[in-house]
Chemist: 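Can you keep this structure in mind? I'll have questions shortly.
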Amino acid sequence: MTVTLNRRPEYLHECNCRLCRSTGARWAYAAPADAAVRGETHSFVRSDKADAGAQLHFCPRCGTTTHFRLTEAMVAMHGDTIMGINMRLVNPEDVAGVELRFPNGRDWDGKGPFDYVRDSVVLGALD
């Protein structure tokens, strides 16, 4: 299975919420029209939040989290406007020079912008 992003991301998020920590993801965000998913995935929606916003997709063969899409409830409220792609799966050279941000998703209430737990860094070829 493959996920292709049609543009280089401006930044990545490495969130500290339980879900993101457990997947180990570094998320790039894109409009669904700017990404292509090919192949079979399985999905998971967290049960520890009443209004889960993301449906995680993962490879059925190796279990690696590949991307997320908004849940049906979030699409109904906001439209199908964004998806996340796990950029830990790309070659480090492909994200060299991209800003890595550290949002405090653990304490975020789902409203307004994220607070950040530390300053961002710019990824190098060996990160």
Chemist: Distance from Cys15 atom SG to Asn104 atom CG, nearest 0.5 Å?
Modeler: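 Taking SG in Cys15 and CG in Asn104, the distance rounds to 7.5 Å.
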Chemist: Is there a donor-acceptor pair under 3.5 Å between the side chain of Asn91 and the backbone N or O of Glu93?
Modeler: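 No.
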Chemist: Side-chain contact, heavy-atom cut-off 4.5 Å: Met83 with Val37?
Modeler: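 Yes, side chains in contact.
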Chemist: Atom CG of Asp34 and atom CD1 of Ile82: how far apart are they, to the nearest 0.5 Å?
Modeler: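 It comes to 11.0 Å.
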Chemist: Scan side-chain atoms only and decide if Thr71 and Gln55 contain a donor-acceptor pair under the 3.5 Å cut-off.
Modeler: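 Gln55 and Thr71 do not have a side-chain donor-acceptor pair below 3.5 Å.
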Chemist: If two hydrophobic side chains count as joined below 4.5 Å and joins carry through other members, does Ile85 share a cluster with Leu123?
Modeler: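 Yes, one cluster joins them.
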Chemist: Using 4.0 Å as the upper bound for N to carboxylate O, is an ion pair formed by Asp80 and Arg69?
Modeler: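 The answer is yes: the pair qualifies as a salt bridge.
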Chemist: Using a 4.5 Å cut-off on heavy atoms from C-beta on, say whether the side chain of Leu56 contacts that of Thr23.
Modeler: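 Thr23 vs Leu56: side chains touch.
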Chemist: Indicate, with yes or no, if Val90 and Phe68 share a hydrophobic cluster defined by side-chain heavy-atom contacts under 4.5 Å among Ile, Leu, Val, Met, Phe, Trp and Tyr.
Modeler: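 Shared cluster, no.
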Chemist: To the nearest 0.5 Å, tell me how far Trp108 CH2 sits from Asn16 CG.
Modeler: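 Trp108 atom CH2 to Asn16 atom CG measures 12.5 Å (nearest 0.5 Å).
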Chemist: Should Val121 and Val98 be counted in the same cluster of Ile, Leu, Val, Met, Phe, Trp and Tyr side chains packed under 4.5 Å apart?
Modeler: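 Val121 clusters together with Val98.
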Chemist: Are Val75 and Tyr29 linked, directly or through other ILVMFWY residues, by side chains that come within less than 4.5 angstrom of each other?
Modeler: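 Yes: a chain of side-chain contacts under 4.5 Å links Val75 to Tyr29.
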Chemist: Measuring only between side-chain heavy atoms, which start at C-beta, is Asn86 closer than 4.5 Å to Phe58?
Modeler: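 Sidechains of Phe58 and Asn86: no contact.
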Chemist: Are the side chains of Leu12 and Glu99 in contact, using a 4.5 Å heavy-atom criterion?
Modeler: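 No; the side chains remain at least 4.5 Å from each other.
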Chemist: Supply the atom-to-atom distance Glu14 CD to Ser120 OG, rounded to the nearest 0.5 angstrom.
Modeler: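 Rounded to the nearest 0.5 Å, the CD-OG separation comes out at 12.0 Å.
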Chemist: Report yes if the distance between the aromatic ring centroids of His13 and Tyr11 is under 6.0 Å, otherwise no.
Modeler: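 They qualify: ring centres under 6.0 Å apart.
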Chemist: How long is the gap from CG on Leu5 to NE2 on His67, to the nearest 0.5 Å?
Modeler: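 Taking CG in Leu5 and NE2 in His67, the distance rounds to 12.0 Å.
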Chemist: Are any of the side-chain heavy atoms of Thr66 and Leu89 separated by less than 4.5 Å?
Modeler: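 A side-chain contact under 4.5 Å exists here.
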Chemist: Looking only at heavy atoms, what is the nearest atom pair of Met74 and Ala52, with distance?
Modeler: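 It is CG-O, 4.2 Å.
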